[in-house]
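Chain naming here is simple, since letters A, B, ... match the order of the sequence lines and numbering starts at 1 in each. Please read these numbers as outputs of a predicted model, since none were measured by experiment.
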Amino acid sequence: MTTSPPNVQSISQMAAAHPDFFTGLNPEQEAAVRTVQGPVLVLAGAGTGKTRVLTTRIAHILAQGLARPWEILCVTFTNKAAREMRERAQKLIGASAEGLQNLGTFHSIAAQILRRHAELVGLKSSFNILDDDDQVRLLKAIFEQENIDQKRYTPKSFAWHIDQWKNKGLTPDKVKGGEGSEFAGNRGVKLYQMYQDRLRILNACDFGDLLLHNLDILTRHPDILETYHRKFKYVLVDEYQDTNVAQYLWLRLLTPASRNLCCVGDDDQSIYGWRGAEVDNILKFERDYPGAKVIRLERNYRSTRHILAAAAGLIKANTARLGKTLFTDQEGGEKVQVQGLWDGAAEAQFVAEDMERLHKGTRDANPRKWSDMAVLVRASFQMRAFEERFVMLQIPYTVVGGPRFFERAEIRDAIAYLRLIQSPDDDLAFERIINVPKRGIGDATVQKLLQQARLAGVSVMTAVRDLIQTDELPARAKTPLVGFMRDFTRWLDLSKDMQANVLLDTILTDSGYYDMQRADKTSGQTRLDNLKELGDSMAAFDDLSAFLEHVSLVMDLERDNGGDSVRLMTLHAAKGLEFPVVYLPGWEEGIFPSQRSMDEGGLKSLEEERRLAYVGITRAREQARISFVANRQVYGRWTNQIPSRFVDELPIDNVEATSQTGYASQGWQSQQSRWDRAGYEPNYTKKEKPAYGGDLAGVDMSRLEPKARPTPHRQPAPAKPSAKNFKLGERVFHMKFGYGLIVEIEGNKLIVNFETSGDKKVIDSFVERA
DNA sequence: TAGGCCCGCGTTTTT
DNA sequence: CGCGGGCCTA
């Protein structure tokens, strides 16, 4: 990493040439930018211009000559946020934004620091960063060694515990009783320690370690801490409400004596508690940094009055808040619409038809682009109904989020090959690809190799190299191993002077990996395309290790943004985004708020769910549509649903409620009993008019007796599929994948090329003619 | 070793 | 209902 020479002078000149740093900022924003000395907490409500404040603040500090670009530590949670920040800083200060080397995610900056001092925690600076797949595999090996019943105690759930500990900054010696230590008969701590030991042997760490090792180094070596204090003159933090304990401690350590720390966040948008985020961090900022200035950004530039008021009315029900009152100049606008519907299909139909209407435009309203509209759901299983409907009506849509590129199996396989080339001692990479594609090296053999390596205290690769010299292995296992080692040695040679992407191509060709994928009619082509994309993205890196670092920390690839299509995503994925029109379906007790979440975390989780609802509503600029249903199919079973308590919490003046069926009154009745059973208090008594209107269905609910439940919808049993009813080349519709062409018929299976995904799929379930 | 069958389970997931 | 993991058999 090269450092450009200090050039403060030219930055000031640049600032002089851009006197418009502050024009267009409101007084609070300007104060948040100008208050550069000492601790500052900027409480930035939704849509109040927080990124603008952060970037202008950076520009201001540089323009004033208070620091040089690399002396500013600016941390974000996501790569996307970091990228956006850099781009916007660049617009303000031009090329010197390149020097902002310490603008990045918590993890990428922590990784940089750790690589510099790795030996202090027993790692080499070339350490490998494990993904969760490797993590689970490692735990599995430990569990096997310890004879732990992996049905009762899954490695995955233990990985979750480890994550929680690390989020809290707890190394094995600091874990107290309870909090997961009782795992597998009180062996939690021991297993955690074993896991850490294994990581050290593998010269690897997981995501949590990046920060944890930082804490270790910075607390045990004051001299090193001192160098960072000298280095970072200003510290800026984005989304402070999402910091966990480890990140909090890390920031406390790195904050220089001058306490030039500026944290920006919104306690009402803290939605990652289950990932270890502590809203408390932002709530106690003033206590942590006495004399801190707190600046509230409350002028909202995004939403209309009704939308803001509806969101405010909802979030008011939360107890632990710093409190803000957002306001806007935008007059009027439409009220938030609350729609009761019969079932999930009706809901999807309602949303899709409403979208079509808005897309077409009316006499009073201009047509909306598809990309102006988004559907935000609580959980991804809710997406399916919408996808089906969109496909049926030919509404273009994009699922935002979804399976991530670098987490796809084929991409991980390819990367494992590369990791093995880069460091042949990477046992986890070895284990991943030794029998992919199938080489006849089965589980038994692999286990034997692992055991052998452990006994000898060497890496698996070394063990294999030794073993094939002997006669200890049966020929059936030995022959393919010899073959693999021969290939591997050749690749290793090639790697010395071959471009990384060419090398990968060679490996995947020689190993038969491409052939294996080509043989897979179902999704082989998609996977090959993904590998192609991987190769293309590698071309930008001149060496393998730079690429691998990028892969483990910058786990997203710039994908195409979907063009003009409706967006479909979870509420979590929607944070930081905004849309003119937002649909919020599934506001039913048990779904939103999620039953599971409340079972696990009680009132605290309920408040987080409410913040999620708040985030959802505040994504909308002009129109927000909330809906709930009476009947919903969940995992193939019909269930009666009752409206979410959040519906009742919406202020009636800002909401317009309608119902298709009148069942909502019954829903309200059962909601009472549900609350009773759950021990929650509804925020109105039976006699009061519920907030969404007792006249919802033209019925006075207070006089309603509990009635028989509405008859659930019955779906006709799907016809048993029979391929002989179909012809080659026919256009068919499949419930899950949409429209497609039959390209092959094999026995009772159809191979269909689907239009939306471009994937070929083998279909033996319900298909109807288009 | 590898393919097939059965059982269990099913939020959100920035790095 | 539909998928993935684990177990069993050819």
Atom-pair distance ([atom1] on [X]; [atom2] on [N]), nearest Å:
{"X": "Lys575(A)", "N": "dT11(B)", "atom1": "NZ", "atom2": "P", "answer": "21 Å"}
{"X": "Leu577(A)", "N": "dT14(B)", "atom1": "CG", "atom2": "P", "answer": "13 Å"}
{"X": "Asp238(A)", "N": "dT15(B)", "atom1": "CG", "atom2": "P", "answer": "13 Å"}
{"X": "Asn435(A)", "N": "dG3(B)", "atom1": "CG", "atom2": "P", "answer": "10 Å"}
{"X": "Arg378(A)", "N": "dT13(B)", "atom1": "CZ", "atom2": "C1'", "answer": "11 Å"}
{"X": "Arg137(A)", "N": "dG5(C)", "atom1": "CZ", "atom2": "P", "answer": "12 Å"}
{"X": "Glu388(A)", "N": "dC1(C)", "atom1": "CD", "atom2": "P", "answer": "15 Å"}
{"X": "Arg275(A)", "N": "dT15(B)", "atom1": "CZ", "atom2": "C1'", "answer": "7 Å"}

Surrounding NZ of Lys478(A) (heavy atoms of other residues, nucleotides or ligands, distance under 6.0 Å), is the total greater than 12?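 Correct, the count exceeds 12.
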Between [options], which nucleotide has the shortest distance from any of its atoms to the side chain of [X]?
{"X": "His572(A)", "options": "dT11(B), dT14(B), dT12(B)", "answer": "dT12(B)"}
{"X": "Ser380(A)", "options": "dT15(B), dT12(B), dT11(B)", "answer": "dT12(B)"}
{"X": "Phe77(A)", "options": "dT15(B), dT11(B), dT14(B)", "answer": "dT14(B)"}
{"X": "Tyr272(A)", "options": "dT13(B), dT11(B), dG6(C)", "answer": "dT13(B)"}
{"X": "Ala573(A)", "options": "dT12(B), dT13(B), dG2(C)", "answer": "dT13(B)"}
{"X": "Thr445(A)", "options": "dT13(B), dT15(B), dT1(B)", "answer": "dT1(B)"}
{"X": "Lys140(A)", "options": "dG6(C), dT14(B), dT15(B)", "answer": "dG6(C)"}

Would you check if there is a donor-acceptor pair between the side chains of [Y] and [X] at a distance under 3.5 Å?
{"X": "Ser597(A)", "Y": "Glu609(A)", "value": "yes"}
{"X": "Asp242(A)", "Y": "Gln247(A)", "value": "no"}
{"X": "Tyr195(A)", "Y": "Asp206(A)", "value": "yes"}

Salt-bridge present (Arg275(A), Asp163(A); N to O < 4.0 Å):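 Salt bridge present between Arg275(A) and Asp163(A).
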Any [X] side-chain N or O less than 4.0 Å from OP1/OP2 of [N]:
{"X": "Lys156(A)", "N": "dG10(B)", "result": "no"}
{"X": "Thr570(A)", "N": "dT13(B)", "result": "yes"}
{"X": "Asn79(A)", "N": "dT15(B)", "result": "yes"}
{"X": "Thr76(A)", "N": "dT14(B)", "result": "no"}
{"X": "Ser552(A)", "N": "dT15(B)", "result": "no"}

Assuming nearest nucleotide by heavy-atom distance, tell me which of Leu612(A) and Lys438(A) is located more 5' along DNA chain B.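 Closest to the 5' end, via its nearest nucleotide, is Lys438(A).
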Return the stacking result for dT12(B) and Trp274(A): yes when the ring centres lie under 5.5 Å apart and the planes under 30°, no otherwise.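 Yes, aromatic ring over the base.
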I'd like the C1' distance from dT13(B) over to dG2(C), given in whole Å.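 My reading of the C1' atoms in dG2(C) and dT13(B) gives 22 Å.
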Parallel, tilted or perpendicular: rings of Phe158(A) and Phe143(A) (30°, 60°):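 Correct class here is tilted.
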